[in-house]
Amino acid sequence: MSTAAENPASSSAPPAHVRVIASSQSWIEGEAVRQLEAMARLPGMRLAVGLPDLHPGKGAPVGAAFTSEGFLYPYLVGNDIGCGMGLWDVDLPARKAKPERWAAKLDLEGPWSGDVEGFLHEQGVKSSGFEMALGTVGGGNHFAEVQRVDAVHDAEAFAALGLAVDRLLLLVHSGSRGLGEAILRAHVDRHAAGGLVEDSAEARTYLARHDHAVAWGRANRALVARRVLDGIGAQGRRVLDVCHNSVTPCRAGGRMQWLHRKGAAPSDEGPVVIPGSRGALSYLVAPVGDGTGSAHSLAHGAGRKWTRTAARERMRERFTAESLTRTAFKSHVVCENKDLLFEEAPPAYKAIDRVVTDLVEAGLVRVVATLAPVLTYKTRSQGE
DNA sequence: ATGTAC
């Protein structure tokens, strides 16, 4: 059998190291740490790292990275295989931003009207059967956001990325839509939360599908970006694109390991953007150090503070939906699904500044620049 | 997170 829990040899292995990278000033839910510790007891697990945006998930915590030997765990990657953040440099000066006009007309619902197969081919990605969703943002915490530069902290690194203070940027957070979900479901139907023995036929099958979903998710972000850019009449250049839900092979002290990221940005692929809520700054950061103590990973966002249910109830009591379409930064929000508008409201998230400060103090990143929201696109569909 | 479930 290829299910890890059924391999008796693995139960005698030493337990994984568990590390939560967060200062005492960062509040982390007890349940999230319990989930991290539970995952650390899985067979073959070596290191379980909670980043400062650690929060409870459905079984496995979000904002965490795990290394294992001999086994890999699709359940730790989750359903949104290949989810990540892409940043585009937009060839439009910030003073030319027309957020209210763009908010009124931008529409990324439904299939793209262009040549989807041709687009995928250009990206070097095979089609998946989920192409009707290619170029759509999705639900939950996904978004496309036009941003302006708030402040530059490292002018050299900022310039090295080809960025300019007076130009707009576009940040896209989305994943592989229904594709990753289908891949995880096929695994869970047979193995529940159990892992796969590396080099087994099932592991190879999963990894091939996983790698395809990662590539397809990246292409999805590229098409979301293209649709937004077309909508605002601009061109863009992809500056970076990183995946925060994946499992990849890596070497540790000459040994082969599997690095699982569950809402954790890579620290070994150059600069990344760590977004706050739609009403907060996003941080463009450059990784520092060799990444061995942090499973080569960083926080991927602010992390939820309130559950979706609590956010809906609390925000509904105090705010009208209309008032939530503008933020403290005077930015505009397109989210015509009211439940989602309340669930993703800025108070439902932790303070991104604290999360990034924790990473800086842990010696994991240097801040390159802060980016402010101009227009956040979530959905035009009512949904209720 | 999700063409969202029996």
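Chain identifiers are assigned alphabetically (A, B, ...) following the order of the sequence lines, protein sequences preceding nucleic acid strands; residue numbering begins at 1 within each chain. Just the heavy atoms: all of them, side chains too, but no hydrogens, waters or symmetry mates, feed the values below.
- Here ring-ring contact (aromatic ring centres under 6.0 Å, His included) pairs that include residues 113-132 of chain A, with residues two or more places apart or in two chains, are A:Trp112-A:Phe119.
- Applying the ring-ring contact (aromatic ring centres under 6.0 Å, His included) rule to pairs touching residues 295-327 of chain A yields A:His244-A:His300, sequence neighbours excluded.
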Under 3.5 Å, sequence neighbours excluded: what are the donor-acceptor pairs made by side chains of residues 205-213 of chain A?
from     : atom 1 : to       : atom 2 : distance (Å)
A:Thr205 : OG1    : A:Ala201 : O      : 3.0
A:His210 : NE2    : A:Val247 : N      : 2.9
A:His212 : NE2    : A:Lys126 : O      : 2.7

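- If you check the side chains of A:Asn220 and A:Ser174, you find a donor sitting under 3.5 Å from an acceptor.
- The stretch residues 298-314 of chain A touches DNA chain B through A:Arg308, each having a heavy atom under 4.0 angstrom from the strand.
- With sequence neighbours left out, A:Trp88 forms a side-chain hydrogen bond (donor to acceptor under 3.5 Å, both in side chains) with no residue at all.
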Close N/O contacts between protein and nucleotides 3-5 of chain B (under 3.5 Å):
from  : atom 1 : to       : atom 2 : distance (Å)
B:dG3 : OP1    : A:Gly178 : N      : 3.3
B:dG3 : OP2    : A:Arg177 : NH1    : 3.2
B:dG3 : OP2    : A:Gly178 : N      : 3.0

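- For A:Thr307, there are no side-chain hydrogen bond (donor to acceptor under 3.5 Å, both in side chains) partners two or more places apart in sequence or in a different chain.
- At a threshold of 4.0 angstrom between heavy atoms, the contacts of A:Gly180 with the nucleic acid are absent.
- The stretch residues 334-371 of chain A participates, sequence neighbours left out, in no ring-ring contact (aromatic ring centres under 6.0 Å, His included) pair at all.
- Every residue meeting the side-chain hydrogen bond (donor to acceptor under 3.5 Å, both in side chains) condition with A:Arg312, not counting sequence neighbours, appears here in chain and number order: A:Glu343.
- Residue-level contact check: A:Gly78 touches neither bases nor backbone, having no heavy atom under 4.0 Å from any strand.
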